[in-house]
Amino acid sequence: MALPAFLKKNNYQNPTSPTDTAFQMGYGTDMGFFGHVQQEPLTAKQFNNHMSVYAQGRVRWMDPGFYPVQEQLIDGATIGEDDVLLVDVGGSFGHDISDFRRKWPGVPGRLVLQDLPEVVVSVKDLHPSIDVTGHDFFTEQPVKGTEIEQFSISLWIVT
């Protein structure tokens, strides 16, 4: 409900701060969305459950014909088994990165799942090649490579 007033107030420009959006205006808070959600355990649980099942039954970015995984990530890859191939930023309980590992078991390198510490504390039963780390994606990315390019809202590729 606050979106029209927020857009008008900001001359219809995209927000540049995660703590100055229509969400803060609508909820009368200076907290970011994720911080606010974590203050309400039931809402946090519902949000995390939603993110876990959202993509079930849908075509995924790593499915054949959607994104050329073989050509863009695997062919000619010069990374070793200890190097990072993918970072799933804001990856919740690891549903996307687990699906990637299952569909592309032979890819080289490690996979990294990142989400807020209070989210990843509940992560379990992931493939041993997936590193789970607590990280706030509004802060500097700790995984460094020769190049980190944003692949989607929640997935980064280290090449």
Q. Is Met31 close to Gln39 at the side-chain level, that is, under 4.5 Å between some pair of heavy atoms?
A. yes

Q | Rounded distance [0.5 Å steps], OG1 in Thr19 versus CG in Asp30 | A | 7.5 Å

(Q) Check Lys9 with Asp20, please: is the shortest side-chain N to carboxylate O separation under 4.0 Å? (A) yes

Q) After noting the C-alpha distance and the side-chain angles of Tyr27 and His36, does the key distance pass the side-chain contact (heavy atoms from CB on, under 4.5 Å) rule? A) CA-CA 9 Å; Tyr27 277 84; His36 181 78; 3.6 Å; yes

Q. Is there a side-chain contact between Tyr67 and Leu73 (heavy atoms, below 4.5 Å)?
A. yes

Q: Carefully, step by step, assess Thr43 and Gln38 under the rule side-chain contact (heavy atoms from CB on, under 4.5 Å).
A: CA-CA 8 Å; Thr43 303; Gln38 294 304 322; over 6 Å; no

**Q.** Minimum heavy-atom distance between Val84 and Val87, given as atom pair plus value
**A.** CG1-CG2, 3.8 Å

Q. Would the number of heavy atoms belonging to other residues, nucleotides or ligands and lying under 6.0 Å from CD of Glu71 be above 12?
A. yes

Q: Supply the atom-to-atom distance Phe100 CZ to His127 NE2, rounded to the nearest 0.5 angstrom.
A: 12.0 Å

Q. Do the non-hydrogen side-chain atoms of Val69 and Trp61 ever get within less than 4.5 Å of each other?
A. yes

Q) If we ignore angles and hydrogens, is there a donor and acceptor under 3.5 Å between the side chains of Gln46 and His50? A) no

**Q.** Atom of Leu111, atom of Ile97 and distance for their closest heavy-atom approach
**A.** CB-CD1, 3.5 Å

Q.
When you compare the side chain of Ser98 with that of Ile130, does any pair of heavy atoms fall below 4.5 Å?
A. yes

Q. In Å and rounded to the nearest 0.5 Å, what is the OG1 to CG distance from Thr16 to Asn10?
A. 8.0 Å

**Q.** Close side-chain approach of Gln114 to Val120, heavy-atom, < 4.5 Å
**A.** no

Q: Grab the two heavy atoms, one from Phe93 and one from Leu126, that are nearest each other, plus how far apart they are.
A: O-CD2, 3.9 Å

(Q) Under the criterion side-chain contact (heavy atoms from CB on, under 4.5 Å), I'd like the reasoning laid out for Phe23 against Phe6: C-alpha separation, chi angles, the key distance, then a yes or no. (A) CA-CA 9 Å; Phe23 176 82; Phe6 175 80; over 6 Å; no

Q: For Gln70 and Pro64, indicate whether the former's side chain and the latter's backbone hold a donor-acceptor pair under 3.5 Å.
A: no

Q: Mind telling me whether Phe33 and Phe47 have parallel, tilted or perpendicular rings, with 30° and 60° as the class edges?
A: perpendicular

Q. Considering only heavy atoms from C-beta outward, does the side chain of Leu116 approach that of Asp136 to under 4.5 Å?
A. yes

Q.
Can you confirm whether Arg101 sits close enough to Val107 that some side-chain heavy atom of one is under 4.5 Å from a side-chain heavy atom of the other?
A. yes

Q) Counting only N and O atoms by type, is there a donor-acceptor contact under 3.5 Å from the side chain of Glu40 to the main-chain atoms of Leu42? A) no

Q. Is Asp75 atom CG crowded by more than 12 heavy atoms from other residues, nucleotides or ligands, each under 6.0 Å away?
A. yes

Q | Shortest non-hydrogen contact from Ala22 toward Ala2 | A | O-CB, 3.7 Å

Q: Could you tell me whether the side chain of Asp88 reaches within less than 4.5 Å of the side chain of Val112, counting heavy atoms only?
A: no

Q) Are Met1 and Leu7 co-members of a hydrophobic cluster defined by side-chain heavy atoms under 4.5 Å apart? A) no

(Q) Rounded to the nearest 0.5 Å, what separates atom OG1 in Thr21 from atom CG in Asn14? (A) 12.0 Å

(Q) Does Lys45 have more than 12 heavy atoms from other residues, nucleotides or ligands lying within 6.0 Å of its NZ? (A) no

Q | Residues Arg110 and Asp83 bridged, charged N to O under 4.0 Å | A | no

(Q) Could you tell me if Thr133 and His135 have a donor-acceptor pair between their side chains, going purely by distance under 3.5 Å? (A) no

